[in-house]
Amino acid sequence: NTTNLNVQELIEIYSGQEFQGQIAQKLKSGSKSKIYLSGLKGSIRSLIGACIYHNYHAPQLYILPDREAAEYFQNDLQTFLENKHIWLYPSPFKDDQDINSQFNQGILERTEILSRIKDPASKNPVIVTYPEALFEKVINHKSLQENTFEVSVGDKLDMDFVIDFLTQYNFERSDFV
């Protein structure tokens, strides 16, 4: 006698397990909780992540051992939480071992994710990443505001001023903007 379960039924079953209640209770306690689960294999990690989200709707950050594990986890978690966008926060480098070669697509994706999670309309973002992606620091909001120079369409700017301004902030000429 076999029973076929759909994804939602599987999440419901696992969400009712005692350890899931303990995790949710720890998260709801208000302390800055860090939870480390070990010994889990394959998609069970993502299933547990989906159950945690099911029991505790709040922003979540998952840090996996490497890029490949993070990509698999994100893909599986997206399957379990099909109505929720799961963000993969990538490294800004082409090769995680070579921090001198930046990857423009990675930089764009990181910027988009940071913008989205700051947006009040973004409800409880779920972000998956890996240590190499967290290596490079990101400017804090206050510093960004203080060092932002806004230009609107139609503004007339003196070219010498623009060149001096960019030189002052150590900008380099590049094809990518």
Side-chain angles (χ1 to χ4, degrees), residues 24 27-28 30-36 45-46 48-157 159 161-177:
L27 291 171
K28 291 176 182 175
S31 65
K32 293 189 178 195
S33 301
K34 295 175 187 139
I35 298 172
Y36 178 80
R45 294 179 289 196
S46 303
I48 290 173
C51 293
I52 291 170
Y53 186 80
H54 179 77
N55 289 328
Y56 184 70
H57 290 284
Q60 296 178 16
L61 173 66
Y62 294 95
I63 303 172
L64 281 289
D66 57 42
R67 173 186 234 132
E68 183 178 15
E71 288 172 344
Y72 277 115
F73 183 86
Q74 185 243 3
N75 188 12
D76 288 347
L77 192 57
Q78 188 68 67
T79 300
F80 291 125
L81 299 174
E82 51 192 36
N83 294 325
K84 178 75 180 161
H85 187 80
I86 311 301
W87 297 99
L88 178 66
Y89 189 73
S91 169
F93 309 111
K94 284 183 184 178
D95 178 6
D96 293 332
Q97 307 305 318
D98 180 11
I99 62 170
N100 294 318
S101 62
Q102 294 216 325
F103 179 52
N104 292 338
Q105 183 64 33
I107 295 169
L108 287 172
E109 289 172 6
R110 289 165 61 91
T111 304
E112 179 183 355
I113 291 169
L114 293 173
S115 296
R116 294 277 177 109
I117 62 175
K118 285 179 35 183
D119 183 0
S122 177
K123 298 284 185 201
N124 304 322
V126 178
I127 301 167
V128 178
T129 192
Y130 48 99
E132 291 82 8
L134 299 173
F135 175 73
E136 185 177 68
K137 290 185 175 183
V138 177
I139 190 169
N140 67 41
H141 185 69
K142 182 180 177 191
S143 295
L144 181 62
Q145 292 286 39
E146 290 172 356
N147 292 295
T148 298
F149 178 72
E150 292 188 27
V151 179
S152 299
V153 174
D155 287 355
K156 297 196 186 287
L157 300 172
M159 189 55 86
F161 167 77
V162 173
I163 291 170
D164 288 344
F165 179 81
L166 294 175
T167 303
Q168 178 183 357
Y169 283 94
N170 299 318
F171 276 77
E172 295 177 14
R173 195 175 279 265
S174 172
D175 293 335
F176 172 73
V177 179

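Heavy atoms only: backbone and side chains are in, while hydrogens, waters and symmetry mates are out. Bear in mind that the values here come from a model prediction, so they are computed numbers and not experimental data.
To the nearest 0.5 Å, the span separating CD1 on I163 from CG on L157 amounts to 11.5 Å. Between the CD1 atom of I63 and the OH atom of Y36 there is a distance of 11.5 Å, given to the nearest 0.5 Å. To the nearest 0.5 Å, the span separating CD on Q74 from CD1 on I127 amounts to 11.5 Å. Here CH2 of W87 is found 9.5 Å from CD of E109. Values are rounded to the nearest 0.5 Å. Once rounded to the nearest 0.5 Å, the distance linking CD1 of I86 with CG of D76 reads 11.0 Å.
With contacts defined as side-chain heavy-atom distances shorter than 4.5 Å, the pair L88/F73 does not qualify. Residues F80 and H54 form no side-chain contact, since every pair of their non-hydrogen atoms from C-beta on lies 4.5 Å or further apart. In this structure, the side chains of P90 and I113 come closer than 4.5 Å at one or more pairs of heavy atoms.
The two residues A133 and S91 have their closest heavy-atom pair at CB-N, 3.5 Å. Contact record, R110 with P92: NH1-CD, 3.4 Å, taken as the closest heavy-atom pair. What you find for V126 and K84 is that their closest heavy atoms are CG2-CE, 4.0 Å. Of all heavy-atom pairs between Y130 and A70, the closest is CD2-CB, 3.8 Å. When every heavy atom of G49 is checked against every heavy atom of Q60, the shortest pair comes out as O-OE1, 4.1 Å.
Residue-environment remark: OH (Y72) stays at or below the threshold of 12 foreign heavy atoms within 6.0 Å. Dense packing is recorded around CD of Q168, with more than 12 heavy atoms of other residues, nucleotides or ligands lying under 6.0 Å away.
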Q | Chi angles and distances behind the side chain to side chain contact (heavy atoms under 4.5 Å, CB included) call for L61, Y89 | A | CA-CA 10 Å; L61 173 66; Y89 189 73; over 6 Å; no
